[in-house]
Amino acid sequence: MSSFSDHIVSAGASLLPLDFLKAGKNLPVLLPFYHVVSDVELPFRHNYNYPTIEQFEKDLDFLLANFRPIGLDELFEGNNLSGTFHLSFDDGLTQCYDIIAPILKKKSIPATFFINPLFVDNRELFHRYKASVIIKLMKEKNIEINLQKTYADIPSLDETAHDLGIDWNEFLEKEKPYMSLKQIQKLQDDGFTIGAHSMDHPEFWLLDEENQIEEIRESMSWLNQNIGPSIKAFAFPFTDVGVPDSVFKTCMKEGLFDLSFGTAGLKKENLKKHFQRLALENDRGIPASKIVKDEFLAYRLKQLFNRHIARRDM
């Protein structure tokens, strides 16, 4: 939608009760997700917005008041998902273990944590996080530069970091942004589910089909060897846009995953056991209550529009 359409939807959603917007049995399941929760500035998330602990707890209380939390097993079974939600977290950051998991346990909320194997135990740093660290340092030094920050730009990011005196190994040792394998295994022991998020978080639209499949295959292999999940789940990094149906067919044929996820918000998918998640992090600090209401109204309006087009074309 355009920004004008977004504004209209947002205004309309504020006038309608959520119970009305989410009523019915044929709506998509709500799959909210985050990356991190923290009350302090994280250098690797300098150019990202993330909720404080207080805001995160408010978001969770809103979800609990209006939806029933379910585990990955119930999502996989797919029976009577209306009015439910399954929460997930991407990238395997250490705040998932230190901050998020204790809050979820306190509130009895199941969740899935999607992991990039090459980042586990702080062996490597996500390229967008490298860019974030560089941008923060450049601002402090009043340096202006047009920084490219895709997966294809990793060599130039590393070169820029070297020029600025940034040693990624030292940064990882000091900041320890990611969970260790032992912490991830402990999350599973505590009842949470663990999924794969590709090996090192590339933009899949930059990869050819063979490399897309290899990212899935290798990360799921790591997951099976180190975690041994009862339900194999894969969340596409960034988005599933640019992933052809042939990739899904290959993954299904090889049994690489049982469930997969994109990030297109509240949406029904034609692909079997493929779901879309809704980001609850945003640049303006908008609470989950507003994001969810806007999303449900937008979905309702799209349904009405599609029905109108279908009737017109009959």
Side-chain angles (χ1 to χ4, degrees), residues 1 5-37 49-90 96 99-114 191-193 195 233 235 259 261-269 274-304:
M1 290 189 296
S5 299
D6 288 342
H7 183 74
I8 295 298
V9 168
S10 181
S14 66
L15 300 174
L16 296 169
L18 180 58
D19 285 345
F20 170 77
L21 294 173
K22 69 183 183 69
K25 295 183 178 180
N26 296 315
L27 295 178
V29 60
L30 179 63
L31 300 171
F33 76 100
Y34 298 85
H35 293 80
V36 69
V37 174
N49 184 277
Y50 47 87
T52 63
I53 294 173
E54 180 181 8
Q55 183 59 61
F56 179 60
E57 294 213 49
K58 287 181 179 179
D59 286 355
L60 296 181
D61 290 341
F62 161 76
L63 292 171
L64 288 172
N66 293 279
F67 302 89
R68 179 174 63 86
I70 62 172
L72 199 65
D73 53 347
E74 192 168 344
L75 180 63
F76 177 72
E77 292 299 327
N79 299 320
N80 191 26
L81 297 177
S82 297
T84 65
F85 76 96
H86 181 69
L87 196 60
S88 58
F89 300 85
D90 290 356
C96 290
I99 297 174
I100 293 170
I103 294 173
L104 296 180
K105 286 192 285 187
K106 180 179 68 175
K107 295 179 181 290
S108 299
I109 300 175
T112 298
F113 295 89
F114 288 105
F192 296 107
T193 46
L259 296 172
F261 300 87
T263 57
L266 199 68
K267 179 183 177 183
K268 281 194 171 181
E269 278 290 345
H274 183 59
F275 297 90
Q276 296 294 342
R277 299 183 296 159
L278 174 64
L280 292 188
E281 296 164 332
N282 58 88
D283 294 335
R284 293 172 289 170
I286 300 172
S289 55
K290 182 166 180 51
I291 296 173
V292 171
K293 284 188 70 177
D294 289 358
E295 195 73 13
F296 271 93
L297 179 56
Y299 179 80
R300 291 287 197 183
L301 292 175
K302 288 175 186 176
Q303 278 188 313
L304 290 173

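- Taking 4.5 Å as the limit, some side-chain heavy atom of D90 sits within range of a side-chain heavy atom of R277.
- Between P51 and E281, the shortest heavy-atom contact is CD-CG, 4.0 Å.
- In this structure the side chain of F62 never reaches within 4.5 angstrom of the side chain of L280, judged on heavy atoms.
- With values rounded to the nearest 0.5 angstrom, H35 atom NE2 is found 12.0 Å from N49 atom CG.
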Item to complete: Applying side-chain contact (heavy atoms from CB on, under 4.5 Å), run through I109 and L63 and close with a yes or a no.
Response: CA-CA 10 Å; I109 300 175; L63 292 171; over 6 Å; no
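- No side-chain heavy atom of E74 sits less than 4.5 Å from a side-chain heavy atom of E77.
- The minimum heavy-atom distance between V37 and I99, with the atom names listed, is O-CD1, 3.4 Å.
- Applying the ring-ring contact (aromatic ring centres under 6.0 Å, His included) criterion to F85, with sequence neighbours excluded, gives no partner residue.
- Interatomic distance, CD1 of I103 versus CZ of F56, reported as 5.5 Å (0.5 Å rounding).
- Side chains of T193 and T112: a donor on one and an acceptor on the other come within 3.5 Å.
- Atom OH of Y299 is separated from atom CG of L27 by 6.0 Å, given to the nearest 0.5 angstrom.
- D59 has its side chain within reach of Y34: a pair of non-hydrogen atoms, C-beta onward, lies under 4.5 Å apart.
- Atom CG in N66 sits 11.0 Å away from atom CG in D61 (nearest 0.5 Å).
- How far CD of Q55 is from CG of L60: 10.0 Å, rounded to the nearest 0.5 Å.
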Worksheet item: What's the verdict on ring pair (Phe, Tyr, Trp, His ring centres under 6.0 Å) for F114 and F261, showing C-alpha distance, side-chain angles and the deciding distance?
Response: CA-CA 10 Å; F114 288 105; F261 300 87; 5.6 Å; yes
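- Contact of the L297 side chain with the K293 side chain is not registered, since no non-hydrogen atoms from C-beta on lie closer than 4.5 Å.
- Between the side chain of K58 and the backbone N or O of A288 there is no donor-acceptor pair closer than 3.5 Å.
- In terms of heavy-atom proximity, P69 sits nearest to P110 at CB-CD, 3.9 Å.
- The nearest pair of heavy atoms linking L104 to A111 is CD1-CB, 3.7 Å.
- Under the 3.5 Å distance criterion, the side-chain polar atoms of K105 are left unmatched by any main-chain donor or acceptor of G191.
- Interatomic distance, H86 NE2 to L72 CG, rounded to the nearest 0.5 Å: 4.5 Å.
- Between F113 and F192, the two ring planes are perpendicular [angle over 60°; tilted spans 30° to 60°].
- Put simply, the side chain of E57 reaches to within 4.5 Å of the side chain of K107, judged on heavy atoms.
- When every heavy atom of F89 is checked against every heavy atom of C96, the shortest pair comes out as CB-SG, 4.1 Å.
- Here the closest non-hydrogen pair linking L75 and L259 is CD2-CD1, 4.4 Å.
- By the side chain to side chain contact (heavy atoms under 4.5 Å, CB included) test, E295 pairs with L266, L278, sequence neighbours left out.
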